[in-house]
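Throughout, protein chains are lettered first and strands after them, A, B, ... in sequence-line order, and every chain is numbered starting at 1. Hydrogens, waters and symmetry mates are skipped; everything else that's a heavy atom, side chains included, is used.
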Amino acid sequence: MLTVVVVSVIKALIVIGMVLNLAGILGWVERKGSALIQDRIGANRAAIFGFAGAGLVNTLLADPIKFLTKEDVIPRGVDRLLHTLAPCVALFPAIVAFAAVPFGDRLRIGDMVVNLQAVEIDVGVLFLLAMTSLGVYGVVLGGWASNNRLSLLGGIRGSAQMISYELAMGLAVVAVVLTYGSLDFQEIVRRQGHMIGGWIPAWGILYQPLAFLLLLIAGIAETKRAPFDLPEGESEIVSGYFTEYSGIKYLMFFMTDFVEIAVVSAVVTTFFFGGWQVPFLASEGFVFPWGWSVPLPHVVVVLLQVAAYMVKVFIFCCLQVLVRWTMPRLRYDQLMWFGWKVMLPLGLANLVVTALVLLWIQG
Amino acid sequence: MPNNDRLLSIIRGRCAEAVIRTDDYRGDATVVIRPERLLEIARVLRDDRELAFDLLLDVTCVDYLGQQPRFELVYHFYSTRHRHRLRLKARVPESDPTIDSLVPLWVGANWLERETYDMYGICFRGHPDLRRIYLYEEFEGHPLRKDYPKEKRQPLIGPGSKGTYKPRPPEIPHAHRVEGMLGAELMRVQLGPSHPATHGTVRIVLDLDGETIVNADVEIGYLHRGFEKECESGFYYQAIPYTDRLNYSSAILCNVGYCMAVEKLFGVEVPLRGQFVRVIGGEISRIADHLLCIGATALELNAFTPFLYALEARELAWDLINALCGARVTSNFVRIGGVSADLPEGFAELCQQNFKRILELVADAEGMLLENPVFRARMEGVSIMSPERLIAYGVTGPLLRAAGVDLDLRRAEPYLIYDQLDFDVPLGSQGDNLDRFLVRLTELRQSIRIVEQCLRLIPPGPVDVDDPALRLPPKGRVFNRMEDMINQFKLVTEGPKPPPGEVYFAIESANGELGYYLVSDGTGKPYKCRARTPSFSNTQPLAEMVRGRLLADIVPTFDMINMIGGECDR
């Protein structure tokens, strides 16, 4: 019993550490990445002994310290409880959503089998949808509690947007669930392990390309980043729902964005890009279709899988950073039009076609 | 000009008994009328087919302290059809400084008359909303009157204030009292005065029904610093640095306009090379201005990357200005009767090199924006206003050309050497924000073309007029010859003295018609120095353009109007 608890705590710590550090790293990637795109140098003040690459480590430390030591301004007329609660309500579900996403296959240590997933729930997909839905409360509360009309507008925009795009996201997820016949992330990843014709990895993107696009777009909309950053649309409503926040609370909203990016990337990776699967890597080592094989010890195989998972997630994070720095912002009516009249019908059509094809194959 | 005679005789014929006298000084047709007949004459000016003065450019006043009647109201008109100008003047007494408002005829007279009321205390009969525009309601007196001391301070709050000021909730005069959707109350929101989208301090008070704008009121004046009062208290040449600060993103154009107005007052013309140098400096300024406008629009639609490309290109344009005059922003480049310096050595090569990179950057930014469906959707069909309405508001420049009106003063009344140059005037068709954007983008490339032509065609010779009454003699002569020493002394301490008279001169600045109206009483200081700035007139229709649209549409519209605070608030 004790070992189970210890293992669970270790896994939880690993996931939290992974998520929070990824968020920090993304903050740096965003600065340096945008600088690269925009022909600038970017953040270069945090170098250690003149080595700019060390800026990453430094930024990870310096950013939280800076925000922690800043004054926490609470304007007059603010609902203090809700004002404080909002950033926590925003950040918490985003981090927790990660718990259900597997970051590796089973790890065998002696007799013990550890499933590399913070929480083993067989309805992980539902859990994830539930948690991402909760994210909207942080936005609404932040906008409402701030006693600022521009914040309120941001909160309203945010809730309308997140609810609208959740539908398309849900439909895309349902199509995926139908395809794999499971609500368990680990199961979905395992189903993507074989090779089509021995050559092509059977990743979800091949079965559900449209669902991939829908999920990615809806996911970006859920993260409230360009081109869907209306809730904070800084040229219209200053900073939207977090206009009145400062210090560590501001950082929490800021981190929520980055954690959500990571969640979207993790979900996309898990559903459509084989999660922790490495092409041609079986449990005994690499087996190539042209007959070669490289036997590897079990630990190395698991480590490779974890690494592959992280690389994939990171690539999708970078993709989202790239999108954010190239796209202008949509207008409210355009956003709603796109959500309800493009994404939703496409999601429905995708679901119906998936269901019909499944019926045809099985029946 | 010969057609001025015809023009004046037509006006005399149409309303003989209302006209007191007409004159034609340095090509400016002027009609002095009886104040009580203003509305009637103005209607004739606007509606008569042969006159067709559809553009009310400027309303201002001159305070002739000690004369009776004391105040002279001055109106400047332009006809986009016949391309002629007219100045209309009417005197009102100090005891009853009242005249009819022109708002029923030109909606754009609204702000202009409010400004005149604010600065001179002239009351306009029938004006729908006669409030102060630059100064605050608690301000006592009218600062441009000659008996208002320049040094007088009236702080609203803080030391020296009366301490009676109480903040008021934001108001929208004449707001439509309508209910929102499902009978909801409207939400009153303020954008500005300090707001990320209002570069240049301006406040927009809005009534929102959800995201839709029901009422809007634009409040300017936060950057008012008494341009006219300052200019009137210094010599003619001392006003040049102030003109830099009108439109600080294209300072040389403001310099050129002012100096040419003063030269018109003197009746001198700059040598050919000087004219070329002015065109080169002015067009590089225009490039910088358009680059900023394009970049800022992209930025505020959250396309950060094209913004930085545009700013890098503007840096290169500023490098050229820096090479010309040693300053980047406030150039103070042009002088009365010439320019501060001839082109530096190797300037043509530097231009060639920088223009190449600017064009590359602009092409990149253009590709990122115009090929992006989101950007197009945000700009296309937004804030369309008919050309007639724009003209009624007194809008000029790229905004008006985007609506398809072919009015570019470089073409319509070529000044400097523009008639010798080959360039296109881009016109839009629909007049939406995308057209405005495209017009600026094309103009920018045309300006590069103009500068390249100038650098090819520029003749050798002096850049300054050879007139000791205007330009300082070279230092070598000052130190060696008595006459030149005296001349230098007199120029610096008394300033050049133009003959008495008044002129209006306008150039095509980056945002539209930038005109200066100067009144000389024969001394070294201008009796009246008025800048008719395009931003002021162009900002006025903003409220109407965004009414009924979504909150987010304010952003691109405001950007394409390109309000420059310094120019708008003077």
Side-chain angles (χ1 to χ4, degrees), chain A residues 30-31 33-42 143-144 147-161 217 220-221 224-240 243 321-338 341-342, chain B residues 170 186-192 194-199 204 206 208 210-213 296-313 315 357 360-361 364-365 367-380 382 549-556 558-559:
Chain A
E30 176 134 288
R31 283 180 213 174
S34 63
L36 207 65
I37 294 169
Q38 291 162 353
D39 226 351
R40 315 184 266 120
I41 297 168
W144 173 254
N147 190 29
N148 177 330
R149 291 173 195 199
L150 298 171
S151 297
L152 180 64
L153 270 176
I156 294 170
R157 280 181 176 188
S159 52
Q161 171 180 332
I217 294 172
I220 294 176
K224 308 176 287 298
R225 281 163 62 87
F228 302 104
D229 60 344
L230 283 92
E232 49 181 283
E234 80 279 341
S235 56
E236 300 135 33
I237 50 173
V238 187
S239 220
T243 305
V321 169
L322 191 68
V323 169
R324 189 249 172 277
W325 290 104
T326 38
M327 294 290 273
R329 182 184 307 121
L330 283 164
R331 202 171 57 204
Y332 186 68
D333 58 333
Q334 293 162 349
L335 176 94
M336 287 294 137
W337 174 83
F338 190 66
K341 293 196 178 161
V342 179
Chain B
L186 298 181
M187 180 157 76
R188 184 155 289 176
V189 176
Q190 294 186 71
L191 296 191
S194 183
H195 183 277
T198 59
H199 44 85
I204 308 171
L206 300 166
L208 292 181
E211 291 262 334
T212 313
I213 298 162
T297 308
L299 169 71
E300 265 139 40
L301 294 177
N302 208 14
F304 205 92
T305 308
F307 164 67
L308 285 170
Y309 288 178
L311 274 206
E312 191 190 333
E315 286 296 312
R357 179 74 184 136
E360 280 170 18
L361 287 163
D364 278 352
M368 284 189 76
L369 293 172
L370 292 180
E371 283 165 32
N372 187 316
V374 178
F375 181 78
R376 288 196 91 99
R378 286 298 303 274
M379 301 291 276
E380 229 159 18
V382 174
R549 301 208 61 95
L550 293 177
L551 174 64
D553 283 334
I554 288 186
V555 174
F558 186 74
D559 282 318

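Separation of atoms OG1 (A/Thr326) and CG (B/Leu369) is listed at 11.0 Å; rounding is to 0.5 Å. Rounded to the nearest 0.5 Å, atoms CG (A/Leu153) and CE (B/Met187) are 3.5 Å apart. Here the straight-line distance linking atom CG of B/Leu551 with atom CZ of A/Arg331 works out to 11.0 Å at 0.5 Å rounding. To the nearest 0.5 Å, atom CD of residue A/Gln38 and atom CD of residue B/Glu312 are 11.0 Å apart. Distance check: B/Thr305 OG1 to A/Arg324 CZ gives 8.5 Å after rounding to the nearest 0.5 Å. One distance of note links CZ of A/Phe228 with CG of B/Asn302; it measures 12.5 Å at 0.5 Å rounding.
Heavy-atom distances place the side chain of B/Arg549, and not its backbone, under 4.5 Å from chain A. If you measure heavy-atom distances from A/Leu150 to chain B, the contacts under 4.5 Å come from the side chain alone. Residue A/Asp333 touches chain B through both its backbone and its side chain, counting heavy-atom pairs closer than 4.5 Å.
Contact between B/Val374 and A/Pro328 at its shortest, heavy atoms only, is CG1-O, 3.5 Å. Nearest heavy atoms, B/Arg188 versus A/Arg149: O-NH1, 2.5 Å.
Between chain A and the options B/Phe307, B/Phe375, B/Phe304, B/Tyr309, heavy-atom pairs under 4.5 Å are most frequent for B/Phe304. When each of A/Asp39, A/Leu152, A/Ile156 is scored by its heavy-atom pairs under 4.5 Å with chain B, the top score falls to A/Asp39. Options B/Asp364, B/Leu550, B/Ile554 differ in how many heavy-atom pairs under 4.5 Å they form with chain A, and the most are formed by B/Leu550.
A heavy-atom distance below 4.5 Å is not found between the side chains of B/Val555 and A/Arg329.
Ion pair B/Glu211/A/Arg157 flagged as a salt bridge, since at least one NZ, NE, NH1 or NH2 atom sits closer than 4.0 Å to an Asp/Glu carboxylate oxygen.
For CH2 of A/Trp325, the number of neighbouring non-hydrogen atoms (other residues, nucleotides, ligands) closer than 6.0 Å is greater than 12.
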